[in-house]
Amino acid sequence: MRTVVAKLLLTSMAVPRVLSGIQPSGELHIGNYLGAIRNWVRDQYEHDAFYTIVDLHAITVEHSPKELRRSTVELATTLIAAGLDPKICTIFVQSHVSAHTELSWLLECTATFGELSRMTQFKDKGKNDESVRAGLFTYPALMAADILAYQADLVPVGEDQRQHLELTRDIAIRFNTKYGTTFTVPKATIPPVGARVMDLMNPTKKMSKSAQAQSGIIYLLDSHDNIAKKISRAVTDTDNQVKYDPPSKPGVSNLLEILSACIGEDPETIASRYSRYGDLKKETTEAIISVLKPLQQNYFELSKDPGQIAEILEIGANKARVIANQTVSLAKENIGFLAP
Ligand code: TYM
């Protein structure tokens with residue numbers, strides 16, 4: 001209540017606008033939560049916050065239509081269960097607001113082939129494969145449209161999105177310089193810990209929804225037994241020294257970082273408390289379970305009423321559309337299109 005009142009008071013001054021997005025392509029994991037979602041929850045109280053489920057991005061790779069529909073509802077339910085409050089922030093599905101695709105074309109014609117070719121996500125996922133979808137290449141222009149359509153000031157994301165955010169800024173500045181001030185130039189907000197949670201079995205690789213093996217991933221809806229099992233099997237090393245040193249001790253450092261993000265103490269201080277990997281794993285398991293428990297309870301309650309989720313998404317899209325349409329109109333005018 002106190003935070004809602006604080007936000008209402010702030011609204012009369014200019015509250016920074018936040019926008020972020022997440023793909024409905026597989027189950028959410030603890031990396032998504034620590035790197036992004038819990039910061040979205042924090043930001044909704046202080047900022048004018050918009051969060052979008054980016055289904056248009058999810059079709060840039062092979063997908064199943066039935067699975068996409070299911071994942072979209074599941075993701076909306078998980079975001080609300082994690083603490084996004086539709087009464088104070090706007091939650092919507094990207095494809096419900098056609099301004100995103102319209103603006104994306106204008107931005108594709110602002111970004112260069114060279115810039116898009118340098119995106120590491122495209123290089124990793126595309127792997128020079130001829131059958132890669134063209135949409136995967138132009139993906140960052142659509143992401144820029146998601147952000148710029150809302151004149152967002154801040155974009156809370158994990159470390160892997162930093163390069164896309166830099167490109168978004170470059171595109172905004174170029175457009176503004178060539179055609180007149182049109183877009184707010186946004187800034188990424190990346191948390192100091194938890195911005196790059198690594199795979200438990202392969203701690204030099206980022207924990208990812210698209211990973212082949214599930215044993216290295218803590219899913220937000222994993223049972224407590226499963227969480228305990230996955231953490232107990234997490235790869236460490238043989239020198240038996242609890243120390244935060246990501247380059248030479250990636251497995252142990254990843255556990256320390258997850259624990260740090262869960263309990264809010266820095267990883268070095270936590271490391272100094274432990275002499276055995278077993279004890280570190282035990283505390284990490286308990287910390288993850290206590291962070292995820294309320295989310296899981298909320299999820300099972302919310303999933304009993306999918307009608308309520310559909311309504312929240314409809315209200316969100318109606319609100320989002322108004323703002324995004326205004327920006328698209330201005331961008332079309334500034335780029336030189338004749339008014340209809
Ligand atoms: P996506 O769906 O891959 O991930 C959603 C958010 O989770 C963060 N994240 C992680 N953080 C820490 N450790 C990890 N292992 C980890 N894995 C994922 C991501 O950084 C992200 O913040 N392109 C975006 C979606 C997008 C978007 C946008 C984001 C589309 N339009 C506009 C911001 C603004 C993506 O694929 O995120």
Side-chain angles (χ1 to χ4, degrees), residues 17-41 43 49-61 63 68 71-72 74-75 78-79 82 92-95 97 100-101 103-104 107 119-122 124-125 135-136 138-169 171-172 186-200 202-211 216-220 246 250 254 257-258 260-262 320 324:
R17 181 166 292 148
V18 162
L19 177 128
S20 202
I22 185 161
Q23 294 198 56
S25 52
E27 252 187 87
L28 293 195
H29 54 70
I30 189 93
N32 297 125
Y33 183 75
L34 298 176
I37 297 166
R38 71 172 184 165
N39 302 320
W40 300 8
V41 175
D43 286 349
F50 287 75
Y51 300 119
T52 179
I53 297 172
V54 294
D55 52 352
L56 297 168
H57 280 110
I59 62 165
T60 55
V61 290
H63 77 284
L68 179 58
S71 283
T72 303
E74 185 183 286
L75 178 52
T78 312
L79 293 177
F92 67 99
V93 176
Q94 185 190 33
S95 67
V97 182
H100 290 240
T101 41
L103 184 57
S104 177
L107 303 183
M119 293 294 109
T120 51
Q121 180 175 296
F122 175 71
D124 291 350
K125 285 198 186 170
L136 188 66
T138 55
Y139 177 119
L142 177 60
M143 180 163 160
D146 299 339
I147 299 166
L148 301 182
Y150 296 88
Q151 307 288 359
D153 301 284
L154 302 170
V155 186
V157 283
E159 180 62 45
D160 61 342
Q161 299 301 316
R162 188 188 288 277
Q163 195 189 28
H164 286 155
L165 258 295
E166 277 161 14
L167 178 61
T168 301
R169 286 171 58 83
I171 293 175
K187 273 200 203 95
T189 49
I190 297 177
V193 278
R196 192 173 177 79
V197 173
M198 309 306 269
D199 188 288
L200 300 173
N202 191 355
T204 54
K205 285 231 154 69
K206 169 188 92 157
M207 191 178 281
S208 163
K209 284 184 236 148
S210 53
I217 305 172
I218 305 276
Y219 294 105
L220 298 188
N254 189 36
E257 187 143 342
I258 294 173
S260 160
C262 290

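One-based numbering, in listed order, for ligands and for the atoms of each.
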Quick one: does Leu142's side chain get under 4.5 Å of Gln94's, heavy atoms only?
-> yes
Please say whether Met143 places an N or O atom under 3.5 Å from an N or O atom belonging to ligand 1.
-> no
What about Val54: any of its N or O atoms under 3.5 Å from an N or O on ligand 1?
-> no
Which ligand 1 atoms, with their elements, are less than 4.0 angstrom from a heavy-atom of Gly35?
-> 11 (N), 12 (C)
Ligand 1 to Val157, heavy atom cutoff 4.0 Å, flagged ligand atoms 22 (O), 33 (C)
To the nearest 0.5 Å, how far apart are OG in Ser260 and CG in Leu34?
-> 9.5 Å
Measure the distance from atom 22 (O) of ligand 1 to every protein heavy atom, then report the residue, atom name and distance (to 0.1 Å) of the closest one.
-> Gly158 N, 3.1 Å
Expected output: side-chain Gln23 to main-chain Val54 donor-acceptor under 3.5 Å | no
Check each heavy atom of Gln121 against ligand 1 and say whether those closer than 4.0 Å belong to the side chain, the backbone, both or neither.
-> neither
Proximity of Ala195 to ligand 1 by residue part, where a heavy atom lies under 4.0 Å | backbone
Taking Asp124 for the side chain and Gln121 for the main chain, is one N or O donor matched with an acceptor at less than 3.5 Å?
-> no
When you measure from atom 13 (N) of ligand 1 to every protein heavy atom, which one gives the shortest distance, and what is it?
-> Val197 N, 2.9 Å
What is the closest protein heavy atom to atom 23 (N) of ligand 1, and at what distance does it sit?
-> Tyr139 OH, 2.6 Å
For ligand 1, which atoms sit closer than 4.0 Å to a heavy atom of Ser20?
-> 33 (C), 34 (C)
Judged by atom type as modelled, is there a donor-acceptor pair below 3.5 Å linking the side chain of Ser20 to the main-chain atoms of Pro156?
-> yes
Please say whether Asp146 places an N or O atom under 3.5 Å from an N or O atom belonging to ligand 1.
-> yes
Of all the non-hydrogen atoms in the protein, which one sits nearest to atom 19 (C) of ligand 1, and at what distance?
-> Asp160 OD1, 3.3 Å
Looking only at distances, please establish whether an N/O atom of ligand 1 is found under 3.5 Å from an N/O atom of Ile147.
-> no
Ligand 1 N/O within reach of Lys206 N/O, cut-off under 3.5 Å = no
Using the ring of each side chain (for Trp, its six-membered ring), is Tyr139 parallel, tilted or perpendicular to His57, with breaks at 30° and 60°?
-> tilted
Could you tell me the residue and atom name of the protein heavy atom closest to atom 7 (O) of ligand 1, and the distance to it rounded to 0.1 Å?
-> Asn32 ND2, 3.1 Å
Ligand-side contact atoms (ligand 1) for residue partner Val155, heavy atom cut-off under 4.0 Å = 33 (C), 34 (C)
Give a yes or no on whether the ring-centroid distance for His164 and Phe122 is below 6.0 angstrom.
-> no
Those atoms of ligand 1 less than 4.0 Å from some heavy atom in Arg196 | 12 (C), 13 (N)
Looking at atom 11 (N) of ligand 1, what's its closest protein heavy atom, distance included?
-> Gly31 O, 3.1 Å
Kindly identify the option in Gln23, Lys209, Gln161 whose heavy atom sits closest to atom 24 (C) of ligand 1.
-> Gln161
Minimum side-chain heavy-atom gap Lys206-Glu159 below 4.5 Å | no
Which one of Asp153, Leu154, Thr168, Thr52 satisfies the side chain to side chain contact (heavy atoms under 4.5 Å, CB included) criterion with Ile147?
-> Thr168
Counting each atom of ligand 1 from 1 as listed, which ones have a heavy atom of Gly194 under 4.0 Å away?
-> 12 (C)
Top protein contact for atom 6 (C) of ligand 1, by heavy-atom distance = Ala36 CB, 3.7 Å
Charged N to carboxylate O below 4.0 Å: is that the case for Arg169 and Glu166?
-> no
Does the Asn254 side chain pair with the main chain of Met198, one donor and one acceptor, at a distance under 3.5 Å?
-> yes
Only one of Trp40, Tyr51, Tyr150 forms a side chain to side chain contact (heavy atoms under 4.5 Å, CB included) with Leu19, so which one is it?
-> Tyr150
Give the residue and atom name of whichever protein heavy atom lies nearest to atom 17 (N) of ligand 1, and the separation in Å to one decimal.
-> His29 CE1, 3.5 Å
With no hydrogens and no angle check, is any side-chain donor or acceptor of Tyr33 less than 3.5 Å from a backbone partner on Leu220?
-> no
